[in-house]
*Asks:* 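Got a structure for you, written out below as structure tokens; questions coming shortly.
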Amino acid sequence: MDVREGQWSGGVVMLEFPSVHNARGWYESAAYQAILPLRADHLEGEVIIVEGVGPDHDSAAMGAEYREALKG
């Protein structure tokens, strides 16, 4: 790993869901809440839900649009 900014513990676990709604539903489910202490009591870390981008997302085009907007 080549950490360029800040400190990183070295661990990442990523789960993919069809939507943010589905991810929240999983996290808030009785089944996950029942086993949550198994993870939380033994592992340090954060849990975040991040909305992804669609298959037509173009990071380069988005960056160009932002740069253009900053000029004006």
Side-chain angles (χ1 to χ4, degrees):
M1 282 299 129
D2 182 6
V3 178
R4 297 296 175 115
E5 295 183 25
Q7 295 183 11
W8 179 51
S9 67
V12 172
V13 175
M14 187 179 302
L15 304 175
E16 181 179 8
F17 293 88
S19 70
V20 170
H21 176 77
N22 290 104
R24 288 183 181 132
W26 164 79
Y27 186 84
E28 296 166 3
S29 71
Y32 182 69
Q33 291 301 306
I35 63 169
L36 177 60
L38 294 173
R39 182 195 56 77
D41 291 347
H42 301 284
L43 298 170
E44 290 186 22
E46 292 75 31
V47 175
I48 61 172
I49 296 176
V50 178
E51 187 168 358
V53 297
D56 60 338
H57 175 76
D58 184 341
S59 296
M62 184 179 75
E65 287 176 21
Y66 286 158
R67 285 189 297 278
E68 227 14 74
L70 289 172
K71 288 180 185 177

*Asks:* Report yes or no: do W26 and L36 belong to one cluster of Ile/Leu/Val/Met/Phe/Trp/Tyr joined by side chain heavy-atom distances under 4.5 Å?
*Replies:*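 Looking at the clustering, L36 is in the same group as W26.
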*Asks:* Applying a strict under-4.5 Å side-chain criterion to I, L, V, M, F, W and Y, I'd like to know whether Y27 and L38 cluster together.
*Replies:*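 Yes, Y27 and L38 fall within the same hydrophobic cluster.
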*Asks:* Check the pair F17, R24 against side chain to side chain contact (heavy atoms under 4.5 Å, CB included), reporting the backbone distance first and the verdict last.
*Replies:* CA-CA 9 Å; F17 293 88; R24 288 183 181 132; over 6 Å; no
*Asks:* So does H57 have more than 12 non-hydrogen atoms from other groups sitting under 6.0 Å from NE2?
*Replies:*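 Yes, because the 6.0 Å sphere around NE2 of H57 holds more than 12 heavy atoms from other groups.
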*Asks:* Is V53 linked to I49 within one hydrophobic cluster, defined over Ile, Leu, Val, Met, Phe, Trp and Tyr using a side-chain heavy-atom separation of less than 4.5 Å?
*Replies:*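 Per the 4.5 Å side-chain linkage, V53 and I49 are not co-clustered.
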*Asks:* Nearest 0.5 Å, please: how far is CZ in R39 from CD in E44?
*Replies:*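 Answer rounded to 0.5 Å: 11.0 Å.
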*Asks:* Identify whether V47 and I35 are in the same connected component of the hydrophobic contact network (ILVMFWY, side-chain heavy atoms under 4.5 Å).
*Replies:*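 Both belong to a single hydrophobic cluster.
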*Asks:* Is R4 paired with D2 through a side-chain N to carboxylate O contact shorter than 4.0 Å?
*Replies:*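 Counted as a salt bridge, because a side-chain N and a carboxylate O are separated by less than 4.0 Å.
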*Asks:* Within a radius of less than 6.0 Å around CD of Q33, do more than 12 heavy atoms belonging to other residues, nucleotides or ligands occur?
*Replies:*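 More than 12 within 6.0 Å, yes.
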